[in-house]
Enquirer: 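Structure in structure tokens, see below.
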Amino acid sequence: MSQTGRDKRQGAVKQITSHSNPIVKEIKGLVAQRKHRSQSGLFVAEGLKLATDAIEAGWDVRYLALGPEARENPVAQKTAATAKARGALILEVSTAVMSAMTRKDNPQMVVGVYGQRILTAKDIDASASILWVALDRVRDPGNLGTIIRTVDAIGGSGVMLVGDCTDPFAVETVRATMGSLFHVPLARMSKEEFKSLAGKWPGTVAATHLKGSVDYRTPDYADPVLLVMGNEQKGLEDDMAAACPTLIRIPQAGQADSLNLAVATGVALYEIRRKHLEL
Ligand code: SAM
């Protein structure tokens with residue numbers, strides 16, 4: 001069992017002043033390497049807002065590291081008390097240790113370590129869903145985080161990661177979600193699993209494609225919607241596109257070859273949900 005697993009049950013407070021403390025090393029590993037995140041099933045999210053989001057949404061908090069400023073902050077104190085009552089180990093650390101853990105000169109006052117949550121294709125109940133976005137081999141953590149945040153904003157059901165995607169639990173991705181990671185279900189699947197799911201999908205399956213012949217503003221988009229997006233460099237793989245009955249295109253007027261993936265996703269999502277979103 002990992003150090004993290006043992007400490008989870010303690011629900012205690014621990015002062016850490018040394019950079020070579022094993023927990024500091026463990027958190028550094030989680031920040032730096034996907035391998036460590038995958039093996040432990042844990043990830044790091046920086047900031048008090050993300051800690052409160054995680055706790056409100058009932059995520060498993062393993063460690064909550066508090067810098068000196070957080071120890072004077074009533075919201076941080078309340079968050080830490082809730083996390084501790086749920087079994088988290090609270091780490092009181094210096095700014096220098098916080099910097100070392102997060103590899104940042106100006107670290108946040110709170111850093112949390114949480115248990116990952118990720119669904120499989122079998123967990124997806126299409127008939128109980130409103131809208132899922134499926135991403136074909138998304139590579140850029142900023143794009144993925146922005147898409148998760150946008151799916152949250154439009155009240156979507158979740159994001160499917162198809163094939164070899166960037167890590168949704170990387171620090172950069174988590175940061176770009178601005179807390180939406182804790183509210184939007186994620187599912188990881190192979191291309192074959194995706195094609196099987198798309199074939200049985202009860203509502204609309206629409207893929208955005210630069211060769212699409214359908215203006216994205218024209219379909220009816222009956223619920224549940226499965227919106228499929230291509231890879232940043234290569235677009236959507238041919239067999240993935242073939243699994244989607246409608247290929248939609250967003251018109252462009254200038255010299256740009258295409259829109260950025262996250263921008264195209266946002267434009268399409270707001271059109272699909274236009275009738276359902278009110279101020
Ligand atoms: N060179 C790639 C290609 O040929 O498809 C460009 C990919 S683009 C940066 C990333 C993804 O954003 C595309 O696969 C598509 O899903 C979506 N996208 C970007 N601009 C689009 C547009 N004007 N119409 C439809 N989809 C678009």
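In listed order, ligands and their atoms are each counted from 1.
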Enquirer: List the steps and the verdict of side chain to side chain donor-acceptor pair (under 3.5 Å) for Thr146 and Asn143.
Expert: CA-CA 5 Å; Thr146 304; Asn143 277 342; 5.6 Å; no
Enquirer: Does a donor on one side chain sit under 3.5 Å from an acceptor on the other, for Thr150 and Asp152?
Expert: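 On atom types as modelled, these side chains do not qualify, holding no pair under 3.5 Å.
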Enquirer: Contact between Ile27 and Val113 at the side-chain level, heavy atoms closer than 4.5 Å - yes or no?
Expert: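 Touching, per the 4.5 Å side-chain cut-off.
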Enquirer: Which residue and atom name correspond to the protein heavy atom nearest atom 27 (C) of ligand 1, and how close is it?
Expert: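 For this ligand atom, the closest protein heavy atom is Leu210 CD2, 3.8 Å.
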Enquirer: For ligand 1, which is the ligand I care about here, please tell me if Ala264 has any N or O atom under 3.5 Å from one of the ligand's N or O atoms.
Expert: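 So ligand 1 has no N or O lying under 3.5 Å from an N or O of Ala264.
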Enquirer: Should Asp215 and Arg249 count as an ion pair when the cut-off is N to O under 4.0 Å?
Expert: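 Salt bridge: no.
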Enquirer: Within ligand 1, which atoms have a heavy atom of Met229 less than 4.0 Å away?
Expert: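 Those atoms are 16 (O), 17 (C).
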Enquirer: Answer yes if the ring centres of Tyr114 and Tyr63 are under 6.0 angstrom apart, and no otherwise.
Expert: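 No, the ring centres sit 6.0 Å or more apart.
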Enquirer: May I ask you to list the atoms of ligand 1 that are less than 4.0 angstrom from any heavy atom of Gly235?
Expert: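 The list of qualifying atoms is 2 (C), 3 (C), 5 (O), 14 (O).
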Enquirer: Return the option from Thr208, Val267, Asp140 holding the heavy atom at the smallest distance from atom 15 (C) of ligand 1.
Expert: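 Selected option, by shortest heavy-atom distance: Thr208.
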Enquirer: Between Glu232 and ligand 1, find which residue part has any heavy-atom pair under 4.0 Å and reply side chain, backbone, both or neither.
Expert: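 Backbone only; the side chain of Glu232 stays clear of ligand 1.
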Enquirer: Run the numbers for me: atoms of ligand 1, each under 4.0 Å from some heavy atom of Arg249, listed by number.
Expert: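 This gives 24 (N), 25 (C) as the contact atoms.
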Enquirer: Under 3.5 Å between some N or O of ligand 1 and some N or O of Gln252?
Expert: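 N/O-N/O distance under 3.5 Å: yes.
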Enquirer: At under 4.0 Å between heavy atoms, is it the side chain or the backbone of Asn231 that contacts ligand 1, or both, or neither?
Expert: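 Looking at Asn231 and ligand 1, just backbone atoms fall under 4.0 Å.
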Enquirer: Hey, is ligand 1 close enough to Gly230 that some N/O pair sits below 3.5 Å?
Expert: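 Yes, since at least one N or O of Gly230 sits under 3.5 Å from an N or O of ligand 1.
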Enquirer: Consider side chain to side chain donor-acceptor pair (under 3.5 Å). Of Arg273, Lys275, Arg274, which one does Glu271 pass it with?
Expert: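 Going through Arg273, Lys275, Arg274 one by one, the side chain to side chain donor-acceptor pair (under 3.5 Å) with Glu271 is satisfied by Arg274 alone.
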Enquirer: Purely on distance, is any nitrogen or oxygen of Gln233 under 3.5 Å from one on ligand 1?
Expert: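 N/O-N/O distance under 3.5 Å: yes.
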Enquirer: Salt bridge check, Lys104 against Glu46: does any charged N sit closer than 4.0 Å to a carboxylate O?
Expert: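 Yes.
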Enquirer: Mark yes when over 12 heavy atoms from residues, nucleotides or ligands other than Glu69 sit less than 6.0 Å from its CD; otherwise mark no.
Expert: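 Count not over threshold, so no.
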Enquirer: Nearest to atom 24 (N) of ligand 1, what protein heavy atom do you find, and at what distance?
Expert: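 The protein heavy atom lying closest is Ile250 N, 2.9 Å.
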Enquirer: Going by an N to O cut-off under 4.0 Å, is there a salt bridge joining Asp60 and Arg117?
Expert: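 The answer is no: the pair does not qualify as a salt bridge.
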Enquirer: Among all protein heavy atoms, pick out the one at the shortest distance from atom 19 (C) of ligand 1; state its residue, atom name and that distance to 0.1 Å.
Expert: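 The protein heavy atom lying closest is Leu259 O, 3.2 Å.
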